[in-house]
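Worksheet: one structure, shown below.
Letters A, B, ... are given to chains in the order of the sequence lines, protein chains preceding strands, and every chain is numbered from 1. Everything numeric here is computed off the predicted structure, so don't read it as measured data.
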Amino acid sequence: MSPPVLSVRDLSVIAKTDQGPQTLVDRVSFELNRGEILGLVGESGSGKSMTCRAIIGLLPSSRISISGGSVILRGKSDLTHLEESDMRKVRGGDIGMIFQNPSSHLDPVMSIGGQITESIRYHHQVNRAEARNRAIEILHQVGISDPAQRIDDYPHEFSGGMRQRAMIAVALACNPEILIADEPTTALDVTVQAQILRLLMDLREKRELSIILITHDLGVVAQVCDTVAVMYGGRICERGPKREIILDAHHPYTTGLIDCQPSGGSHRGLVKTIAGQPPSQGSMPTGCAFHPRCAHATKECAQTEPAAVDYQPNHMLACHHPIGEINEGGRA
Amino acid sequence: MNISRSVNARFGWRLKFNSGVVPLIIGISILGGWLLVAIFAPLLAPYDPIFQDAAVRLKPPSMAHPFGTDNFGRDVLSRVIWGARIDLQIATFGVVFAFVIGTTVGSIAGYYGGWVDMVLMRLIDVVLAFPFLVLMLTIIVILGPGLGSFYVAMALVGWVSYARLIRAQFLVLKNSDFAIAAVSLGYSHKRVMFRHLLPNAILGSIVFSMSDAVLVLLNGAAISYLGLGVQPPTAEWGTMIAEGQGFITIGWWITTFPGLAIVLLAMGFSMLADGLGEILGVRQ
């Protein structure tokens with residue numbers, strides 16, 4: 001098997017604050033294979049966006065930095081040690097990124113086509129006409145009808161769903177192998193959301209695109225992802241194939257999240273919640289970050305941090321007291 | 001808000017007409033009118049602006065000389081018409097260099113922040129610490145009288161306003177989502193700054209430059225009046241007023257008509273600034 005397109009090992013991100021360094025992302029590891037869609041799930045502030053920002057070197061402030069670990073692209077270069085000028089080629093060229101709010105992430109005073117051709121011409125030596133043809137082709141691929149007509153439109157002339165498509169087109173203009181999608185459907189209404197997700201799956205099929213999908217919506221995960229990593233308090237607490245995570249989760253947080261999903265008409269009453277608040281950066285609990293909210297927590301949970309164990313080849317779990325039967329595949 | 005304003009910049013013509021449209025049209029007409037006058041000066045001027053005719057010295061307005069003649073017997077109307085060439089030039093070049101320098105400095109200060117910003121902002125404070133006219137006159141005196149010196153002085157003194165305007169915009173825009181998206185596409189700082197942020201930030205400066213043109217025009221007239229700008233016998237409105245003031249009691253027309261010309265041109269610029277500001281939603 002070819003090496004994973006992206007291999008993240010023990011990636012940590014810290015923020016320097018007046019109270020000393022605080023860990024935002026703590027030894028996150030995962031692998032992304034060609035054509036795989038990885039879902040990164042967690043509440044706000046769990047470090048999922050920060051992880052992805054760290055991967056492409058776009059940390060939001062100079063006080064926040066990568067403190068350890070590696071991000072290996074195609075088994076070769078470690079992105080955490082690349083020069084800025086090389087990193088620029090990776091951004092857009094190897095890894096594209098799309099964001100939650102397409103309206104504000106597109107340049108309002110540049111035409112859609114202008115933004116796509118700009119990216120093409122910045123990364124490849126092609127002339128204007130060639131770039132324009134490619135832009136029309138890409139717009140067609142992302143499902144903009146009549147792309148030759150719409151290419152000169154400005155973002156405000158597009159609807160919300162079309163803007164998201166346009167942003168995907170801009171991000172994919174230079175054929176990156178990896179697309180990082182930071183909550184791409186959160187700002188869209190449900191029908192458009194489904195279309196965009198279908199588009200992402202479609203692009204995965206056609207281009208063998210690998211996608212990291214950041215979301216807090218397990219429904220989205222269930223629809224599109226192959227693999228799921230659940231993050232809590234800057235750590236990945238459980239990671240595995242979607243099926244196992246949805247149907248056979250072992251971490252109390254994962255099961256809690258799944259129980260919180262409103263499930264059609266069969267249940268009445270309030271949607272379940274997980275009691276308590278996610279930890280804030282300043283007051284990360286000792287031991288397992290989830291223990292203050294966990295029904296199964298013991299003294300051990302408050303004292304020692306659970307090790308991340310691959311109890312099956314593809315299923316990682318970090319919990320002292322996993323829920324349910326652990327099917328022996330590897331070590332328990 | 002910024003985003004919608006910037007969009008308006010590009011698509012102003014698609015907006016509903018509002019109260020800005022009247023001053024805009026008047027402003028454009030006045031400026032366009034003066035531009036035509038300047039371009040066709042040789043055709044429009046009935047006399048050579050520097051030809052001295054001793055026979056018609058200090059004649060009041062008449063059919064032959066609608067604006068009268070000055071103390072050298074030169075036709076005031078012809079001089080006002082030819083003066084439009086110089087004064088439009090003054091308004092343009094007096095603004096353009098300051099605009100370019102200020103915009104560049106402001107972009108860099110706002111984008112990079114930190115010590116770069118601090119150094120540049122202190123430099124602006126230094127320039128602002130001097131009274132505007134004193135600084136301008138000092139530079140002109142050092143460089144020697146003439147329009148070239150005037151342009152240099154206006155650039156050196158005037159850029160600070162543009163730098164501050166652009167910097168303020170950049171401080172907001174550099175953290176905007178589309179700036180982050182541009183960086184995520186691997187673009188260099190230069191490209192993000194000038195291709196993506198600047199077009200979104202420049203609107204206020206363009207509007208300001210119109211009102212700045214009024215100031216520059218008056219300054220140009222002032223330094224010509226002081227003998228530091230356009231040198232006689234070239235026709236320029238400020239110079240004409242300076243030359244005519246000794247005859248104000250016996251020949252009011254020598255100073256009045258170039259004065260009116262300045263007022264009218266300045267009105268054109270400030271109407272345009274008002275109209276643009278109103279229509280594009282820029283607050284000055």
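Of all heavy-atom pairs between A:Leu58 and B:Ile180, the closest is CD1-O, 4.2 Å.
For A:His140, the NE2 atom sits in a loose shell: 12 or fewer heavy atoms of surrounding residues, nucleotides or ligands are nearer than 6.0 Å. For CD of A:Glu84, the number of neighbouring non-hydrogen atoms (other residues, nucleotides, ligands) closer than 6.0 Å is greater than 12. Environment of CZ in B:Arg164: sparse, with no more than 12 heavy atoms of neighbouring residues, nucleotides or ligands closer than 6.0 Å. Within a 6.0 Å sphere centred on CZ of A:Arg128, heavy atoms belonging to other residues, nucleotides or ligands number 12 at most. Within 6.0 Å of atom CZ in B:Phe132, more than 12 heavy atoms from other residues, nucleotides or ligands are found, so the atom counts as buried in its surroundings.
The contact between A:Val170 and chain B is made by backbone and side chain atoms together, counting heavy-atom distances below 4.5 Å. For B:Arg195, the parts lying under 4.5 angstrom from a heavy atom of chain A are both the backbone and the side chain.
Looking only at side-chain heavy atoms (C-beta outward), B:Pro199 and A:Met110 stay at 4.5 Å or farther from each other. Using a 4.5 Å cut-off on side-chain heavy atoms (C-beta onward), A:Leu106 and B:Phe178 make no contact. A:Arg91 places a side-chain heavy atom less than 4.5 Å from the side chain of B:Val183. In this structure, B:Arg191 and A:Tyr122 have side chains that are in contact, with non-hydrogen atoms separated by less than 4.5 Å.
In this structure, the separation between CG on B:Leu173 and CG on A:Asp107 is 9.5 Å, given to the nearest 0.5 Å. Of the inter-residue distances, the one linking A:His105 atom NE2 with B:Ser184 atom OG reads 8.0 Å to the nearest 0.5 angstrom.
In terms of heavy-atom pairs under 4.5 angstrom with chain B, the leader among A:Met87, A:Lys89, A:His123 is A:His123.
At a heavy-atom separation below 4.5 angstrom, chain B is approached by A:Gln115, A:Glu118, A:Ser119 within residues 112-119 of chain A.
For B:Lys190, the salt bridge (Lys or Arg N to Asp or Glu O under 4.0 Å) test picks out no residue, with sequence neighbours left out.
If you check the side chains of B:Asp177 and A:Asn101, you find no donor sitting under 3.5 Å from an acceptor.
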